[in-house]
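See below for the structure under consideration.
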Amino acid sequence: MMPPPFDPRQRFLRVSLFFLGVVIHIYVWDIFLQRFALARWYVRRTQIRRWKAIARNFRKMALALGGMQIKLGQFLSSRADILHESVRRELAGLQDEVPPAPSGHVLEVILEDLGASPAEIFATFEPEAVAAASLGQVHFATLKDGREVAVKVQRPYIRRIVEVDLSAVTWVVRLIKNYPPIRRRADMEALLAEFGRVLVNELDYISEAKNAETFRANFAQVSGVYFPEPIMELTTRRVLVMERINGVKINDLKTLKEVGVSSLEVAARLSNVYLKQFFIDGVFHADPHPGNLFVRVEDDQPMAIYHNGRVSDEDLISGAWVSHALPESHMHNEDAVGVPFTLIFVDFGMVGHLPPQTMDSLRSGVIGLATNDAERIVDAFEKMNMLLPGTDRRVIVRGIQALLRHSFNRTMREMNELDMDVLFSETREIVYDLPFQIPQDLLYLGRALSMVGGLATEICPDINLFDELLPFAQMMLEREQKQGNWVEQAQKELLDMGQLLLKLPRQMDAYLAAANRGDLQTRSDTARLERSMRRVERSNDRLAGGVMAASLFLGGVELRTRGLEKEARRAWWGAVAAVFWTFWPRGER
């Protein structure tokens, strides 16, 4: 049995029209109607119901079409930190319900890429897929030497499907990219290009196998974390053969509880694995949805324990601290300690890489977060180019301080119970101005961070990530101080100061000469003033538009009472046009 024919035009229309409908929905309900006090209560009351319907329709479309939509749905379904539980339930099926491709296609791909049929290559091969994902599906097999393996084969037409999906999303992005709040904060086309590049790389299974080898090397000395071994001699661009693993899905909380695994330990280890990937290795698994993470119970797995955050530099690099027992604050909690287990990762197609400079900034930021230092966090934002030009640093620091005051050293459950009205009142300036932008090279870092945070929240709402972060930050701070060459830094500072002193007389002379000629110019940051002026202008425009709409409406009523129906309808349509003109977004916020 072969797959049905692929119709790129029909797929393009279906995908683009769905996303266009979502954009229109957001504008009408969450932007336009939110401006009216009478409508605002109804918008908020129906919000969950509306997004459940959108999620349900998206899931149906994704299951029917496959491809990029399934990957997007899996990402959203793991966001327990931002999406309501009922909305996530609508998307959760995309982790398990993806229909497999016909077996005829699988046999054809193996024959073409490996040069022989499965019966000739493997001792046994199961023609029925045991798992199906967005880009490929998995079959169990046994090698001639007796090793059990998992064989991943790409789905039919997948390269053309990815191209069509990217084209459809690109079309929608071009519609919304010039919306001022979006344009100021992100180059949507550049971000989409980065997403497309990584997605296309996922279609090369040789690259995925090499990624797996990299993770195996980085975690070779870490107990309690495992990455399956790829069989390189049987791997091609469309076929990937890897060591077969067994385990419980990481978010199957009922089964994990039955076998005695502590959900707190699972969430903590997941967090620590990503701390190592982000801040030590610079290579991270960028697709941590529950379908790619498993837990295997062990009989005699050794456990490492923190010693007040003080470990050797070698242990820090190797990751010996990742599978620690638990922070001291949890050691007296009987429910927090369970049976030994191993956290297993699969699917290494989507992998992010961080340059050394970005890693330095991230390490500085995480130290600031763990030590409640808002100034250091903002310094890290600046180094990573996450702040818009002309941003008032003092406002950002005050906003970060308010966020830390409400969230520092709280569990995820406690943070979900925060008084958002109070928090909003203290961060109003940041919320209104949103002085942040999204650098292209941080796209997948943000994705992985958000997915790990959402998954950790789902696994254990009582986890306190600050408890996990503080010992790591202490280790990083000690390493930073130990590796710092203070003599070299002092020499550099003195050299810079000397160059400044040499230039200062000439600069002062040029300044005074320009002042005497009357050519002295000053430059100041007027961005905030300009935004305020634009708000006043928009208010005036809306007032004029409202007067115009009301006049046309009342004029239409007068015309209708005099029997001039045609003219009355024209006046009412003019009133409708005036309303849309009044509330259409113009200029930057």
Side-chain angles (χ1 to χ4, degrees), residues 74-75 77-82 88 95 215 218-219 222-228 245 247-253 255-257 259-281 283-298 301 303-306 319-327 330 335-348 350-352 362 366 369-370 411-413 415 444-473:
Q74 290 171 340
F75 165 61
S77 69
S78 65
R79 294 303 308 273
D81 52 337
I82 61 171
R88 291 194 306 110
Q95 298 170 8
F215 284 116
N218 290 344
F219 284 82
V222 180
S223 63
V225 182
Y226 190 73
F227 296 83
I245 58 96
V248 180
K249 214 159 98 167
I250 193 170
N251 66 342
D252 187 353
L253 303 182
T255 303
L256 291 177
K257 185 176 181 180
V259 298
V261 173
S262 164
S263 60
L264 180 59
E265 284 188 288
V266 173
R269 189 171 305 174
L270 175 66
S271 171
N272 287 335
V273 167
Y274 273 90
L275 287 176
K276 172 172 163 54
Q277 292 180 20
F278 290 147
F279 306 115
I280 303 296
D281 302 333
V283 181
F284 60 92
H285 188 289
D287 196 21
H289 69 78
N292 290 338
L293 292 158
F294 297 87
V295 173
R296 182 177 65 201
V297 175
E298 306 291 356
Q301 176 185 297
M303 302 291 285
I305 301 178
Y306 279 136
W321 49 273
V322 169
S323 300
H324 68 285
L326 278 176
H330 294 295
D335 296 330
V337 181
V339 300
F341 66 92
T342 296
L343 182 62
I344 303 175
F345 287 72
V346 299
D347 194 347
F348 310 102
M350 188 175 289
V351 170
L362 286 171
V366 80
L369 181 62
T411 68
M412 301 304 290
R413 190 188 300 276
M415 283 194 276
Y444 281 91
L445 173 66
R447 181 183 191 274
L449 275 170
S450 62
M451 292 183 75
V452 171
L455 190 54
T457 304
E458 179 183 357
I459 295 170
C460 182
D462 292 317
I463 187 173
N464 186 331
L465 292 179
F466 287 97
D467 278 347
E468 302 301 319
L469 197 59
L470 185 57
F472 176 78

Legend entry - With sequence neighbours excluded, residues passing side-chain contact (heavy atoms from CB on, under 4.5 Å) with Val366: Phe279, Leu469, Phe472
Legend entry - Pairwise distance CG(Leu362) to CG(Leu449) - rounded to 0.5 angstrom: 8.0 Å
Legend entry - Cys460 to Ser263 - nearest heavy-atom pair and separation: CB-O, 3.8 Å
Inset, instruction - Measure the shortest side-chain to side-chain distance between Ile344 and Leu293 over non-hydrogen atoms and say whether it is less than 4.5 angstrom. - result: no
Legend entry - Nearest-0.5 Å distance that lies between atom CG in Leu455 and atom OG in Ser271: 11.0 Å
Inset, instruction - Indicate yes or no: at least one non-hydrogen side-chain atom of Val259 is less than 4.5 angstrom from one of Val295. - result: no
Inset, instruction - Can you measure from CG (Leu256) to NZ (Lys249) and round to the nearest 0.5 angstrom? - result: 11.5 Å
Inset, instruction - For residues Lys276 and Val222, report the shortest heavy-atom separation together with the two atoms involved. - result: CE-CG2, 4.3 Å
Legend entry - Closest non-hydrogen atom pair between Glu265 and Val339, with its separation: OE1-O, 4.5 Å
Inset, instruction - Answer yes or no: is there a side-chain heavy-atom contact under 4.5 Å between His285 and Val273? - result: no
Legend entry - For Phe294, the option from Val248, Val346, Ile250 that meets side chain to side chain contact (heavy atoms under 4.5 Å, CB included): Val346
Inset, instruction - Specify the closest pair of heavy atoms between Arg269 and Val225, including all atoms of both residues, with the distance to one decimal. - result: CD-CG2, 4.1 Å
Legend entry - Residues that Val452 engages under side-chain contact (heavy atoms from CB on, under 4.5 Å), provided they are two or more places apart: Leu270, Tyr274, Pro288
Inset, instruction - With rounding to the nearest 0.5 Å, note down the distance linking CG in Asp287 to CG in Asn292. - result: 5.0 Å
Inset, instruction - For Ala286 and Gly352, work out which heavy atoms get closest and say how close. - result: CB-N, 4.0 Å
Legend entry - All ring-ring contact (aromatic ring centres under 6.0 Å, His included) counterparts of Phe227, not counting sequence neighbours: Phe215, Phe219, Phe345, Phe348
